[in-house]
Amino acid sequence: MIAIVMEKKPIDKETLLHLSKLSRIMISSPEQEEKLLRDAENILRYFEELRQVETEGVTPIYGGGELENRVRDDEALPKLTGFGYENFPETKDNYLVVPPVRDK
Amino acid sequence: MDTRDLTIEKLKAGLLAKDFSAEEVTASYLKEIGDKNPIINAYLETFSESAILSAKETDKRIAGGLPLRPMDGVPFAFKDNLLIKGEVASSASKILSGYRAAYDATVTEKLKSAGAVILGRANMDEFAMGSSTENSAYGVVKNPWNYECVAGGSSGGSAAATAGNMALAALGSDTGGSIRLPAAFCGVVGMKPTYGQVSRFGLMAMASSLDQIGPFAKTVSDAEDIFSVIRGKDAYDATTEDKDFAPIDLSDPSRVTIGIPKEYFVGGLDKETEGAIQDTIEIFKKAGFRFKEISLPHSKHALSVYYIIMFAEVSTNLERYDGIRYGRDISADSLLDLYMKTRGEGFGEETKRRALMGSFVLSAGHYDAYYTKAQKVRALIRQDFTEAFKEVDLIFAPTSPTTAFKIGEKTDDPIKMYLSDIFTMTANLSGVPAISVPVGGRGEKMPVGFQLIAPHFRDRDLFAVGKFYESL
């Protein structure tokens, strides 16, 4: 008897739908879903090559520069206050209005 | 007036000699935009009125005998992910249509006070995600050298505006090559400063550990002048530093060693590029520069590392586009529905792909295999550069494996598209500065760019050697 071993797919439909929820991005059509799945598979297969790199004992880099954390006094800087509200789609008494968080 | 041969230096000389006024120069560029933009699509919007007003201010200063400011009367294109107070800023995304910037980016503020004239918002790949400016929600940018070809990306509008004589200079952002690649494809100079040189305050973040803002210009000297204005420490971007060193001494080029990474020359270059790059090396050698083969052994993993890290940071940075403060889908009846619909309809295909992939590489169960692994290999890539710079002063490389490709040629295959950035992304992963300079003497042939890469904060070395090349 010949055993047919299916290569495990790096990403499946169920995972994609889970990611869609995590990312808060609606996938609007079956065609789009199919294309995203196919591309994701190809990209993840490409990434497989990283496994061959020996990284035992290497300290990962988590930023772009070599800086330590910078702190400043907890005071609002002039540029960062008092603007932006004009772009809000809906306001009421200086509050931003959004649809209900829970189902009615 | 004919602005084709204009540079920042010539513009300033002409203004002082009263050969022309700043208003005439700006009007001339606006006319070029009116003629060419319907085809090239480099601009999403032009600011004719405010541009003429700032040009008039320059003329007033000259008439009043005041000294010229560094960018007085220089007409600029600004990539559409940079904030200009009161103007629309869309990052070429539908999700931000109608959004108006509430403040100036630090670079905007600096260039405005230096006298720059902002001509308009330049087209780009949506949220700077792409290598060809085919991902704009507002149409592809065409290469001014050949309208069937892409301008490169993601700062394609900035590059095409500069190359197409629709701006004297431009600003772009570079996360994996988004300034240098379009500069090479369009035959202009494009530079990515050291990570921490230029403030990103007011730049829409794509991948925060990689993004830098930098100049496009017709000459290396012009690019340096812009760099000098926009660089420096800024209280609003905690990653900025105040480090500016005198350039490398070129009085005796034989004391300067340029490294050639052997991994960048193992095939994969098209014939045009290969020939132009080899000729450039010969020109440098003839001028006395020493060349040395070096190794950047982890370069072959750069693509995987870059895309994993960028996907992760993109998915995080895009969380802010949630429809709450702007770009809302009004048909939503619950908050979750609002998020899902706004983002599902507002983001383009590549943006969705990257946000979803980012969620994948960051999710429990995959985090270590992808994200942590990539951050470790990133450390090795940076180490490669540190080792190389112990032996050489600068590194020389092609900017792109090919000249500008045809519109539509790579849109169906993300990996093929991603490979366009193979020679540029290592500078972002390492944080080092890099410049793309057009190979000279190619006449009407499609442009080829070569790249110079320097150690951290040795940005001035790039300009010095670039200017030396242009003088040969």
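Numbers restart at 1 for each chain; the letters A, B, ... are given by sequence-line order, proteins then strands.
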Separation between [atom1] of [X] and [atom2] of [Y], rounded to the nearest 0.5 Å:
X      : Y      : atom1 : atom2 : answer
B:K373 : A:L50  : NZ    : CG    : 7.0 Å
B:Y307 : A:L44  : OH    : CG    : 14.5 Å
B:E350 : A:D39  : CD    : CG    : 8.0 Å
B:S209 : A:I61  : OG    : CD1   : 9.0 Å
A:Q52  : B:H301 : CD    : NE2   : 5.0 Å

Are [X] and [Y] packed together at the side-chain level, in the sense that at least one heavy-atom pair is separated by less than 4.5 angstrom?
X      : Y      : result
A:L22  : B:F360 : no
A:V98  : B:L338 : no
A:Q32  : B:E349 : no
A:F47  : B:Y370 : yes
A:M26  : B:T342 : no
A:S20  : B:M340 : yes
B:S359 : A:S23  : yes

Any donor-acceptor N/O pair, [X] side chain to [Y] backbone, under 3.5 Å:
X      : Y      : value
B:R325 : A:F88  : no
A:R24  : B:Y339 : no
A:N87  : B:R100 : yes

Inset, instruction - Would you kindly say whether B:E345 and A:S28 are connected by a side-chain donor-acceptor distance under 3.5 Å? - result: no
Inset, instruction - Identify the two heavy atoms, one from A:P99 and one from B:S334, that lie closest to each other, and give their separation to 0.1 Å. - result: CB-C, 4.0 Å
Legend entry - Contacts of B:Y367 that satisfy ring-ring contact (aromatic ring centres under 6.0 Å, His included) - sequence neighbours left out: B:Y371
Legend entry - More than 12 heavy atoms from other groups under 6.0 Å of CD on A:E41: yes
Legend entry - Whether over 12 other heavy atoms sit under 6.0 Å from B:K112 NZ: yes
Legend entry - Largest heavy-atom contact set with chain A, pairs under 4.5 Å, which of B:D211, B:L210, B:D413, B:L335: B:L335
Inset, instruction - With a 4.5 Å cut-off on heavy-atom pairs, point out which of B:E319, B:Q212, B:R378, B:H298 contacts chain A the most. - result: B:R378
Go through the atoms of [X] and report whether side chain, backbone, both or neither lie under 4.5 Å from a heavy atom of chain A.
X      : result
B:T316 : neither
B:L356 : both
B:E109 : side chain

Heavy-atom distances under 4.5 Å only: say whether [X] touches chain B with side chain, backbone, both or neither.
X     : value
A:I43 : both
A:T55 : both
A:T15 : side chain

Legend entry - Evaluation steps, salt bridge (charged side-chain N to carboxylate O under 4.0 Å, His left out), between A:E49 and B:K300: CA-CA 10 Å; A:E49 61 93 16; B:K300 58 178 178 289; over 6 Å; no
Inset, instruction - Tell me, with the steps shown, if A:Y62 and B:I309 meet side-chain contact (heavy atoms from CB on, under 4.5 Å). - result: CA-CA 9 Å; A:Y62 286 109; B:I309 291 168; over 6 Å; no
Legend entry - Contact winner vs chain B - A:E90, A:H18, A:K35, heavy-atom pairs under 4.5 Å: A:K35
